[in-house]
Amino acid sequence: MGENLVPDTSVELAGLLLRNPVMPSSGTFGYGLEYKDLYELDTLGAVVTKSVTREPRYGNPLPRIAECDSGMMNSIGLQNPGIDHALEIDFPALRQVYDGPIIANISGFSVGEFAELAARFEKVNYVSALEVNISCPNVHEGGATFGQDPVLAKEITQAVKEVSTKPVFMKLTPNVTDITEIALACEAGGADGISMINNFKAMRIDVRTRKTITAEKYAGLSGPAIRPIAQRMVNEVYHAVRIPIIGIGGIRTADDVLEMVMAGATAIQMGSANLRDPWACKKVIKALPHRMHELGISDLDEIRGVV
Ligand code: SIN
């Protein structure tokens, strides 16, 4: 790489052109509005919105957040305003303040509901892609159980693809024995990409009360604690499928982004980091070209899946 050349952080992701590979992960950025006054949202590679379900949901009882060493746990339970409100209010409001690619995360409780939600987004031109959440550990029906069964994972992928012309990313749970089996099933169902991973089913106990810290007994662990496991799984899937991967799991720094790309990711999402530092994505986007320059990387394509 020439001395003065600025490294190219742009990536092509299933037909979407992103100015950089960094996007906030679903559920840690709402519909963008809480962040719009903090920084210029257009700096983001893409925005992934909070899971939308058919009906509005309050989510699980409180408390539903617990701090952990090197991470956090949540048991939110897919709180969201429902598809009608989201399409009428939240997505148009996001479009007002953000010009880049919007990836809408959808979550259903049956195959038919996933298809119905995907069909509703089909009419929203400014939504660039769908992320299909078959991995939420915090609901008692559906959720991660869809993503733990290759037959169901394929069926949901096919149902969404049948009604959608947008790129479809299937969001996978790590709470399985072999994540490549699920990724391959999604690929066979027509998925355009894989988002991975959602959080790990976990538990914390308050030793004074002898009760779990979250009102729900189990909750999802995310943050730096899971990053090496996420990278191992991304690497396994990278070597198993031909479709692109959005790597997710504990990313906080430019080096973390580069590691995830070296493991095989095309783009990445940052989740818990936004809750600890709302400027986290912006800082990483700023640092990334400098760190690439220091390491002699001119283009992210040249390091993808090097291991
Ligand atoms: C939640 O709302 O429970 C978190 C979303 C998820 O883990 O998919």
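Note that this is a predicted model, so its numbers are computed, not measured. One-based numbering, in listed order, for ligands and for the atoms of each.
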Listed by chain and number, what are the side-chain contact (heavy atoms from CB on, under 4.5 Å) partners of N133, not counting sequence neighbours? S51, L78, N105, S107, S135, C136, N198
Can you list the residues that meet the salt bridge (charged side-chain N to carboxylate O under 4.0 Å, His left out) rule with R54, with sequence neighbours excluded? E113, E116
salt_bridge(K154, E187) N-O dist < 4.0 Å: no
D84 and R120 ion-paired at < 4.0 Å: yes
Test of understanding: with salt bridge (charged side-chain N to carboxylate O under 4.0 Å, His left out), list the residues that count as partners of D178, not counting sequence neighbours. none
Protein residues near ligand 1, heavy-atom distance below 4.0 Å? K50, N74, I76, G77, L78, N133, C136, P137, N138, N198, N199
Is it the case that the ring center of Y126 lies less than 6.0 angstrom away from the ring center of F91? no
